[in-house]
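Pasting a structure here, questions to come.
What you see below is based on every heavy atom in this structure, not just the backbone, and it leaves out hydrogens, waters and symmetry mates.
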Amino acid sequence: MPAMVAKYLLCVCGFWAFLPASQFISVNAFSGPVTYSRANGFITFAPVPPPRPQQRVSRTRLKETADIKGDDVGKEDKNLRVVVVGGGWAGYSFCESISTNNIDVDNVDVILLDASKQAKGGLAGGYRSSNDRPVEAGIHGFWREYRNTFDIMSDIEGVNVDDVLGDFSPSVLWSKNGKVAVAPVLVEDEQGGNVGDRDKIPTLNDLSEKSIRRFIAAQLPPPLDLPILAELDNSKSKSGDSKLNLSDLLSGLGLLGAWADFGQESPESWENYDTQPASRLFEKAGISNALYDELVSPLLHVLPMCPAYDCSAAAALSCFHVFALQSRGAFDVRWCRGSISEKIFEPWQHQLENRGVVVQGGSRVSSIEKTNNGYTIQLASMNGDENGVIECDAVVLAVGATAAGKLASSSPAISSLPAANNFDKLRGVTCVAVRLFIKPNRTMTANLNGGSHNKTQLPPDMAEAMSDSPISVCGAGIGDIEELKETGFCIYDLQRMHDEFSVEYYNNNVEESDQVAVLEIDFYRADSFVDMDDDQITDLSLRAASAAFGSKQIDSDDIIDAIVLRARNAVSHFAPNSALYSPDVKLEDGMYICGDWVDRKNHASWSTEKSVVTARQAAAALSRDFGLKDSRCQVIPAAKDTPQLTAMRQSTRLLRNILPPKTLPPSPWVYAKQLLSGERDP
């Protein structure tokens, strides 16, 4: 019973601690510079991979479209021409919303420009290396509440969501003291994926522990169901002490007041909380040092990807609400069964082009100028030379925050707008993705949990450490490795996630001599080592995985191939005041913007889902301004608050009116301590 109580309390106070970080490595996040190469001296590639052949549909009313990069494209017809800058989730979703009906009905021309050669999913969408191995700048998850994302995917011809994505899978959290917990799948498949189905009470078919726990958890509202289902690690820390005692777990209850006080779609709440660092939030909540070190700090380094002092309190609260609390099963996540570029964006690109959208890769925008008739977009080649001009009526910026800031600095048409005044203050997080192709172990490990496949050829001790899930979420400071002091990372066993690496596929299609085990390690806030060479980063990756799992380090001689991708300052950094600097989707009549960093105070969503939502919102704004009546840009609302959370919000509003805090609301014990000591809330 004490163990069950501990588990119950742990998730009440720390339920957000089991989330894989990769939702922040959304496809459109990597709009900054990315380079790649192979380690170990096997093969070295140029900074930009060779493009794969593109099928581009040229339309007669788009003069010289096929040579956009080299020739001016004037606006000589009466069609509405819209240029979308950025080929990630936001850019493609905007094109999908506008092109569904408008191109043939309302004479709309849509041109999508992306700096990458592939122009499929942005640079993080991935590509194939010269020896036909898939490369991606980070692995990407799809959470159950990605309502708009799943909706738009269902409209892509050739994409069956259940074929492209694996089943919902658990993940495992690791801290510097070892394994912390297994995050389970909260809604079983037999309960269904629809919102109504999730509230049905599962049948108690047997008296097994799992069945009983699920039956009890189903009686409770989120997040109170999480502690019943979470599988906590009860082993001691490296020092021999218990990782968390009961008082540590109880201290986490202090976060509930702030969670209820913070309105996810309330501009006032964002203004109150976004100015404060998350470190202040946890201080006011009165959580213990042990709870912070064991749960809170590690997750900050892999979710918003920064330490508490450099993370907005609003971002921390919004993050754990969106990914864990907004509905039963919101915690559950699926993973693509292969490269997102190939599984999703390639058929999506074909669909857009068949409608008449011009998708142009290798087109970096150097500046945007406003004219009497609209806008002029200046293109530049990869070496920076001016390389063409496009005239248009409207511009949609579907790029990351730092990319938007750089573009604004060279474009008075953007920098002169009030909404863009603070673009230069927005920062990015540096990420490094390492994909290791490893000599398969002679001992194949089978009957593993999670993922799309249950076998791996990783070394047996590492396979055993990852037996609960192919996804491991690791906090900062692991192994006392200096370079990882403020760096979190995720480890993925791709043999259990991607079909083309699976043992089953190998047995039927790949010669034994060509088989490899595949390990992906994605690092977040990697500034301390991003400039190391590939061999050094590969060695750091092997040391990090070994330290996290307590397993033997894989010998460098067993690395057949290693690909290192660097994304400097490319991922959205949700620092204090960042939401206040983020614009709404409309900058002015004719200029719009979308992405995971845009319009933070509106729809309660994050990462890929936020990119899709803001793209649809931007499409709706453009459609209103230009009288387009056939756009498909309806935004599916985020999940409503549970009745329990609604009641808590009413209570906190009453308390705020009676005794308003000067900054963030303290927990009862912190407030009592302040009263007894005569301290006043700063």
Side-chain angles (χ1 to χ4, degrees), residues 28-36 45-52 54 56 62-75 81-88 90-92 94-95 109-125 127 137 357-371 374-417 420 423-424 426 428 566-570 587 590-593 595:
N28 85 320
F30 280 97
S31 55
V34 175
T35 59
Y36 81 105
F45 291 107
V48 179
R52 302 185 75 195
Q54 293 185 357
R56 192 162 57 238
L62 275 178
K63 181 181 178 181
E64 303 291 343
T65 293
D67 291 317
I68 281 178
K69 293 190 297 181
D71 299 300
D72 294 351
V73 179
K75 183 76 172 65
R81 180 176 295 170
V82 181
V83 172
V84 181
V85 183
Y92 268 65
F94 181 91
C95 291
D109 296 331
V110 182
I111 305 172
L112 185 146
L113 305 175
D114 193 79
S116 71
K117 293 287 185 181
Q118 294 75 29
K120 290 180 294 193
L123 290 174
Y127 49 86
V357 175
V358 175
V359 179
Q360 181 65 58
S363 300
R364 186 174 66 84
V365 175
S366 59
S367 65
I368 299 174
E369 298 178 8
K370 191 169 184 178
T371 66
Y375 299 91
T376 297
I377 296 177
Q378 180 70 55
L379 301 181
S381 63
M382 296 304 294
N383 61 14
D385 296 334
E386 298 302 327
N387 202 31
V389 172
I390 303 176
E391 295 178 2
C392 60
D393 302 289
V395 177
V396 181
L397 303 177
V399 297
T402 55
K406 292 177 181 178
L407 188 55
S409 67
S410 62
S411 306
I414 302 175
S415 60
S416 62
L417 300 175
F423 279 10
D424 60 332
L426 290 164
R566 299 167 175 86
R568 292 174 172 84
N569 303 313
L587 299 179
M591 185 172 290
Y592 312 87
I593 192 165

_On a heavy-atom basis, which atom in Ala408 and which in Ser415 lie closest, and how many Å separate them?_
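What the structure gives for the nearest pair is O-CB, 3.3 Å.
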*Minimum heavy-atom distance Val84-Cys95, with the two atoms named*: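 Of all heavy-atom pairs spanning Val84 and Cys95, the closest is CG2-SG, 3.9 Å.
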*Glu369 side chain to Ser411 main-chain N or O, any donor-acceptor pair under 3.5 Å?*
no
*Where Val399 and Ala404 come nearest, the two heavy atoms and their spacing*: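 Scanning both residues, the minimum pair turns out to be CG2-N, 3.8 Å.
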*Of all heavy-atom pairs between Tyr592 and Ala394, which one has the smallest distance, and what is that distance?*
CE1-CB, 4.3 Å
*Could you point out which residue of Ile368, Ile111, Leu112 forms a side-chain contact (heavy atoms from CB on, under 4.5 Å) with Val83?*
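Exactly one candidate clears the test, Ile111.
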*Distance from Glu391 atom CD to Tyr375 atom OH, nearest 0.5 Å?*
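The distance works out to 14.0 Å.
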_Thr402 side chain vs Ala570 backbone, donor-acceptor pair below 3.5 Å_ =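 Looks like no, no N/O pair under 3.5 Å.
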*Could you go through the side-chain contact (heavy atoms from CB on, under 4.5 Å) check for Asp109 and Val82 one step at a time?*
CA-CA 6 Å; Asp109 296 331; Val82 181; over 6 Å; no
*Considering all heavy atoms, the nearest Ile414-Leu397 contact*: CD1-CD1, 3.8 Å
*What residues form a side-chain contact (heavy atoms from CB on, under 4.5 Å) with Thr371, not counting sequence neighbours?*
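side-chain contact (heavy atoms from CB on, under 4.5 Å) check on Thr371 returns Asn373, Thr376.
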*asked:* Between Val358 and Val110, does the side-chain contact (heavy atoms from CB on, under 4.5 Å) criterion hold? Intermediate values first, please.
replied: CA-CA 6 Å; Val358 175; Val110 182; over 6 Å; no
*Any idea which heavy atoms bring Gly87 and Asp114 closest together, and the distance?*
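Looking at all heavy atoms of both residues, the shortest contact is N-OD1, 2.6 Å.
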*Is the closest side-chain heavy-atom distance between Tyr92 and Val359 below 4.5 Å?*
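Tyr92 reaches Val359 side chain to side chain.
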*Check whether any side-chain heavy atom of Cys392 sits under 4.5 Å from a side-chain heavy atom of Ile377, and report yes or no.*
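Yes, close enough: below the 4.5 Å cut-off.
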*From Ile593, Val365, Val396, residue fulfilling side-chain contact (heavy atoms from CB on, under 4.5 Å) relative to Val85*: Val365
*Partner set under side-chain contact (heavy atoms from CB on, under 4.5 Å) for Ser410, not counting sequence neighbours*: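 Checked Ser410 against side-chain contact (heavy atoms from CB on, under 4.5 Å); matches are Ser367, Leu407.
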*asked:* Are the side chains of Val395 and Leu587 in contact, using a 4.5 Å heavy-atom criterion?
replied: no
